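Below: the structure, in structure tokens.
The structure displayed is predicted, hence computed values, not measured ones.
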Amino acid sequence: MDQFWAAPPVTRTLTALTFLQSILVHGGLLSGYYVLFLRRLVFKTLPEIWRLFSPFMITGPGLSLIFDLYFMFTYGSRLETESPRFSAPGDFFTYVSFVASIIMLTAGCLLNSVIFTSALIMAFVYTYSQDNRGRKASFFIVQIPVEFLPWAMLTLTLVVSGWPAALRDGMGIVAAHFYDFLTRIYPTFGGGKNYLVTPEFVRRFFAARKPRSEPRAFGTAYRATDQAQGSSGSWASSFQSPWSRRGPGRRLGGD
């Protein structure tokens with residue numbers, strides 16, 4: 001549980017909800033019909049709003065449950081904690097929301113797909129590969145350039161599941177590349193402006209739940225909030241020793 005709560009918040013929550021919903025569906029406790037993306041049920045007078053989120057949190061049965069959760073948690077955590085493009089509070093949440101919306105519009109509305117979990121994972125893998133260009137990545141027992149990792153995974157999907165599944169997962173790459181174009185490629189090389197920024201209320205929400213920390217020689221020290229600090233403004237003010245409250249010094253033998 002300590003390792004679970006130490007994981008980054010967005011990836012932790014997404015993985016936990018995916019595990020819970022998948023277990024309920026594959027265990028027969030919840031009908032899979034209620035988690036699919038069905039346009040006629042979403043865009044109606046009384047829309048079934050949960051269908052905008054549930055298709056991103058359902059894995060395949062059997063070994064797919066293990067592999068999907070592993071890839072989601074591994075690449076999501078690496079992006080959320082290591083990627084320089086998600087350094088500010090709430091940036092990764094904005095990224096997930098954007099790519100999920102593009103996947104829904106392309107895979108859902110154009111290709112009539114009903115489940116988008118693997119496409120979202122593919123978006124994570126593509127963004128990770130762009131952030132780590134020049135490195136090597138493990139694809140089962142083979143070491144390949146990390147730039148080829150999403151295409152290798154997409155090829156495997158094509159071989160195992162066929163063209164419809166490969167096209168659906170490919171929309172994850174499209175969504176991630178579109179995000180990369182709007183936030184990095186166009187502003188850097190096209191002289192444009194990045195309009196896809198994290199809303200201020202999202203930043204405040206995540207900043208309020210992020211502990212303040214400072215690097216130390218051994219681990220990390222977490223500061224208390226300003227309201228919990230003492231009048232001296234130091235996080236250790238309540239642990240001062242008598243030596244820290246000594247008066248002005250005097251030379252021995254002086255006046």
Side-chain angles (χ1 to χ4, degrees), residues 1-30 32 34-37 49-83 85-104 107-108 113-132 137-140 146 149-150 153-154 156-157 161 165 168-169 171-173 175-176 179 198 202 205-206 209-211:
M1 290 302 297
D2 290 340
Q3 294 179 352
F4 174 77
W5 290 111
V10 177
T11 303
R12 178 184 67 210
T13 304
L14 180 61
T15 305
L17 291 176
T18 302
F19 172 76
L20 178 61
Q21 182 173 264
S22 299
I23 289 295
L24 292 176
V25 171
H26 298 312
L29 301 177
L30 175 66
Y34 294 105
V35 304
L36 303 179
F37 178 77
I49 299 298
W50 69 85
R51 294 182 186 273
L52 297 175
F53 311 100
S54 59
F56 294 96
M57 298 181 291
I58 177 68
T59 70
L63 289 178
S64 295
L65 173 65
I66 299 175
F67 284 114
D68 286 348
L69 291 174
Y70 171 78
F71 288 132
M72 175 182 289
F73 184 81
T74 298
Y75 291 103
S77 297
R78 290 176 180 177
L79 287 177
E80 192 170 358
T81 58
E82 300 174 8
S83 177
R85 69 176 78 202
F86 306 128
S87 57
D91 283 354
F92 185 70
F93 176 81
T94 302
Y95 161 81
V96 173
S97 301
F98 177 81
V99 297
S101 300
I102 299 300
I103 291 171
M104 186 176 298
S113 298
V114 294
I115 295 177
F116 312 130
T117 306
S118 55
L120 181 62
I121 295 173
M122 193 65 70
F124 290 174
V125 174
Y126 180 83
T127 303
Y128 174 82
S129 69
Q130 296 304 302
D131 286 349
N132 294 272
S138 297
F139 184 66
F140 293 98
V146 71
L149 182 59
M153 295 177 66
L154 195 63
L156 180 62
T157 301
S161 303
R168 177 201 61 205
D169 291 1
M171 295 303 102
I173 296 179
Y179 178 89
T198 302
V202 175
F205 177 84
F206 282 92
R209 286 154 179 80
K210 183 178 180 180

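Note that CD1 of I23 is 11.5 Å distant from OG1 of T18, once rounded to the nearest 0.5 Å. Atoms CG and CE, from D169 and M122 in turn, are 5.0 Å apart once rounded to the nearest 0.5 Å. Within the model, atoms OG of S54 and CG of L30 stand 9.0 Å from one another, a figure rounded to the nearest 0.5 Å. With values rounded to the nearest 0.5 angstrom, L14 atom CG is found 10.0 Å from S77 atom OG. Note that CG of D68 is 10.5 Å distant from CG of L120, once rounded to the nearest 0.5 Å. Remark: H26 NE2 to S64 OG distance equals 8.0 Å, nearest 0.5 Å.
R78 and S83 form no side-chain donor-acceptor contact under 3.5 Å, judged by distance and modelled atom types alone. Side-chain atoms of Y95 and T127 form a donor-acceptor pair, as typed in the model, at a separation below 3.5 Å.
Within 6.0 Å of CZ in F93 there are 12 or fewer heavy atoms belonging to other residues, nucleotides or ligands. A 6.0 Å sphere centred on CG of L63 holds no more than 12 heavy atoms belonging to other residues, nucleotides or ligands.
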Worked verdict on R51 versus V35 for side-chain contact (heavy atoms from CB on, under 4.5 Å): CA-CA 6 Å; R51 294 182 186 273; V35 304; over 6 Å; no
Give the C-alpha distance, both sets of side-chain angles, the deciding distance and a yes or no for side-chain contact (heavy atoms from CB on, under 4.5 Å) between F56 and I103. CA-CA 10 Å; F56 294 96; I103 291 171; 4.0 Å; yes
Could you walk me through whether Y75 and L149 pass side-chain contact (heavy atoms from CB on, under 4.5 Å), step by step? CA-CA 12 Å; Y75 291 103; L149 182 59; 3.3 Å; yes
Evaluate M104 against L52 for side-chain contact (heavy atoms from CB on, under 4.5 Å), listing each step before the verdict. CA-CA 8 Å; M104 186 176 298; L52 297 175; 3.5 Å; yes
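Between M153 and F139, the closest side-chain pair of non-hydrogen atoms falls below 4.5 Å. A 4.5 Å side-chain heavy-atom check between L36 and I58 finds every atom pair outside the cut-off. Counting heavy atoms from C-beta outward, T74 and F124 have side chains that stay 4.5 Å or more apart.
Side-chain atoms of T11 come within 3.5 Å of backbone N or O of G76 as a donor-acceptor pair. Looking at S22, its side chain does come within 3.5 Å of a backbone N or O of T59 through a donor-acceptor pair. Of the possible donor and acceptor atoms, one in the side chain of T117 sits under 3.5 Å from a partner among the backbone N and O of P55.
In terms of heavy atoms, W50 sits closest to Y34 at NE1-O, 2.7 Å. A pairwise comparison of heavy atoms in A176 and A123 identifies CB-O, 3.6 Å as the closest pair. Residue Q21 comes nearest to M57 through the heavy atom pair NE2-O, 2.6 Å, listed as atom of the first residue, atom of the second, then distance. The two residues V146 and S129 make their nearest non-hydrogen contact at O-CB, 3.1 Å. The minimum heavy-atom distance linking I115 with R168 is given by the pair O-CD, 3.2 Å.
Applying the salt bridge (Lys or Arg N to Asp or Glu O under 4.0 Å) test to D131 and every residue at least two apart in sequence or in another chain returns R85. Listed by chain and number, the residues in a salt bridge (Lys or Arg N to Asp or Glu O under 4.0 Å) with R12 amount to none (sequence neighbours excluded).
Aromatic ring centroids of Y128 and F71 lie 6.0 Å or more apart. Ring pair F92/F86: centre-to-centre distance below 6.0 Å.
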